[in-house]
A.B. asks: 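Attaching a single structure in structure tokens format; questions to follow.
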Amino acid sequence: MILCYNMLMNKAWMIILIEGLAISLLGSVLHFTYGWSKQNKFVAIFSAVNESTWEHIKLALSGIFACTLVDVWWLGDNPNYWFAKSMSFLVPIVVIPVLFYGYRAVLKVKSCLLIDIAIFFIASFASSAAFVGLLDLAPMDEAGGIVSMIISVIVLAMYLSLTRFPLHNFLFRDPITGKYGYDGHRVRKI
């Protein structure tokens, strides 16, 4: 019990816990906001517009971007902040597809909602853990700063554009409608 308490009181564990929960919960809510907004194109920028793997990655990125708006005030003076944050953007881009397509291939199943939700939470907490872990590295040099800027700009460009202009591959294909981007959104008939 004391070990658990000490872990929770450790600043790194608190950041991982708070940011992991924030990313997970915000992403869960944003899963539905596009439909709730009656398919508002502005809301589509940060919400899922269909059930494709990309849109679920985008939900995690939305949470990470939201956390960035807050944690930059407390942690932004760390010389590795932007490198750590740029690497944390990459975690859900890799973890979500690897785990999602991996379990489906191994178990030979189409999809399982509980596993899919667990994958989203795993990616959220892994992103937070990577961020916190990289903050403690030796300070990055100028090349590290340039790399983090390039990665951040590429991820932000993907985030802002790939719903509107989706690539036509398995990551962007809605498994329910077989379509891409906005066209993949299924409107429920009443």
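Keep in mind that this is a model prediction, so the values were computed, not measured.
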A.B. asks: Would you indicate whether the side-chain heavy atoms of V98 and Y101 approach each other to under 4.5 Å?
C.D. replies: no

A.B. asks: Report whether M158 and L90 are members of the same hydrophobic cluster (ILVMFWY, side-chain heavy atoms less than 4.5 Å apart, transitive linking).
C.D. replies: yes

A.B. asks: Only counting residues at least two apart or in another chain, list the ones meeting ring pair (Phe, Tyr, Trp, His ring centres under 6.0 Å) with F83.
C.D. replies: none

A.B. asks: Before giving the answer on side-chain contact (heavy atoms from CB on, under 4.5 Å), spell out for T53 and F170 the whole-Å C-alpha distance, their side-chain angles and the decisive distance to 0.1 Å.
C.D. replies: CA-CA 8 Å; T53 306; F170 68 99; 5.8 Å; no

A.B. asks: Treat each ILVMFWY residue as a node, draw an edge where side-chain heavy atoms are under 4.5 Å apart, and state whether M87 and V153 are in one component.
C.D. replies: no

A.B. asks: With a 3.5 Å distance limit and no angle check, can you tell me whether W74 reaches the backbone of V70 through a side-chain donor-acceptor pair?
C.D. replies: no

A.B. asks: Looking at K110, is its backbone amide N or carbonyl O close enough to the side chain of R104 to form a donor-acceptor pair, meaning the two atoms are under 3.5 Å apart?
C.D. replies: yes

A.B. asks: For the residue pair L107 and I115, establish whether any side-chain heavy-atom pair is separated by less than 4.5 Å.
C.D. replies: yes

A.B. asks: Does S52 offer a backbone N or O that forms a donor-acceptor pair with the side chain of H56 under 3.5 Å?
C.D. replies: yes

A.B. asks: Go through it in stages, so that I can follow the logic: the residues are E19 and T68, the test is side-chain contact (heavy atoms from CB on, under 4.5 Å), and I'd like the CA-CA distance, side-chain angles, deciding distance and then a yes or no.
C.D. replies: CA-CA 9 Å; E19 288 204 3; T68 302; over 6 Å; no

A.B. asks: Going by distance alone, is a donor N or O of one side chain under 3.5 Å from an acceptor N or O of the other, for T177 and N50?
C.D. replies: no

A.B. asks: Side chains of residues 159-166: which donor-acceptor partners sit under 3.5 Å, not counting sequence neighbours?
C.D. replies:
residue	atom	partner	partner atom	Å
Y159	OH	S62	OG	2.7
S161	OG	A157	O	2.6
T163	OG1	E55	OE2	2.7
T163	OG1	K58	NZ	2.7

A.B. asks: S127 side chain to S88 main-chain N or O, any donor-acceptor pair under 3.5 Å?
C.D. replies: yes

A.B. asks: Could you tell me whether the side chain of Y103 reaches within less than 4.5 Å of the side chain of S111, counting heavy atoms only?
C.D. replies: yes

A.B. asks: Might you point out which heavy atoms bring S86 and I151 nearest each other, and give the distance in Å?
C.D. replies: O-CG2, 3.7 Å

A.B. asks: State the OG-CD1 distance between S124 and I64, to the nearest 0.5 angstrom.
C.D. replies: 7.0 Å

A.B. asks: Between L171 and I154, is there a shared hydrophobic cluster once you connect ILVMFWY residues whose side-chain heavy atoms come closer than 4.5 Å?
C.D. replies: yes

A.B. asks: Group every Ile, Leu, Val, Met, Phe, Trp and Tyr by side-chain heavy-atom contacts under 4.5 Å, then state whether M149 and L156 land in the same group.
C.D. replies: no

A.B. asks: Between I23 and A60, what is the shortest heavy-atom contact and its length?
C.D. replies: CG2-O, 3.7 Å

A.B. asks: Applying salt bridge (charged side-chain N to carboxylate O under 4.0 Å, His left out), can you list everything that pairs with D71, at least two apart in sequence or on another chain?
C.D. replies: K85

A.B. asks: What is the ring orientation for F121 with F125, classed by angle as parallel under 30°, tilted 30 to 60°, or perpendicular over 60°?
C.D. replies: parallel

A.B. asks: Clusters formed by hydrophobic residues whose side-chain heavy atoms approach within less than 4.5 Å: which one holds V29, and what are its other members?
C.D. replies: F32, W36

A.B. asks: Which atom pair, heavy atoms only, marks the closest approach of W54 to L61?
C.D. replies: CH2-CD1, 4.2 Å

A.B. asks: How long is the span from the CG atom in L25 to the CG atom in L30, to the nearest 0.5 Å?
C.D. replies: 11.0 Å

A.B. asks: What is the minimum heavy-atom distance between P92 and P97, and which atoms define it?
C.D. replies: O-CD, 3.6 Å

A.B. asks: Could you give the side-chain donor-acceptor pairs of residues 131-143 under 3.5 Å, partners two or more places apart or in another chain?
C.D. replies:
residue	atom	partner	partner atom	Å
D141	OD1	A143	N	3.2
D141	OD1	G144	N	3.0

A.B. asks: Using side-chain contact (heavy atoms from CB on, under 4.5 Å), reason through I15 and S128 one step at a time and then give a plain yes or no.
C.D. replies: CA-CA 7 Å; I15 295 168; S128 297; over 6 Å; no

A.B. asks: Under the ring pair (Phe, Tyr, Trp, His ring centres under 6.0 Å) rule, collect the residues that match up with F89, sequence neighbours excluded.
C.D. replies: F65

A.B. asks: With a 3.5 Å distance limit and no angle check, can you tell me whether D174 reaches the backbone of E51 through a side-chain donor-acceptor pair?
C.D. replies: yes

A.B. asks: Starting at CZ of F120, measure out to CG of L99 and round the result to the nearest 0.5 Å.
C.D. replies: 13.0 Å

A.B. asks: For Y180 and D183, run side-chain contact (heavy atoms from CB on, under 4.5 Å): C-alpha distance rounded to whole Å, both residues' side-chain angles, the deciding distance at 0.1 Å, then the answer.
C.D. replies: CA-CA 6 Å; Y180 302 86; D183 295 336; over 6 Å; no

A.B. asks: Could you check whether Y81 and S148, counting side-chain N and O atoms only, form a donor-acceptor pair closer than 3.5 Å?
C.D. replies: no

A.B. asks: Which atom names give the shortest non-hydrogen contact between L59 and A48, and what distance separates them?
C.D. replies: CD2-N, 3.5 Å

A.B. asks: Counting distance only, does the side-chain N/O of S37 pair as donor-acceptor with the main-chain N or O of Y34 below 3.5 Å?
C.D. replies: yes

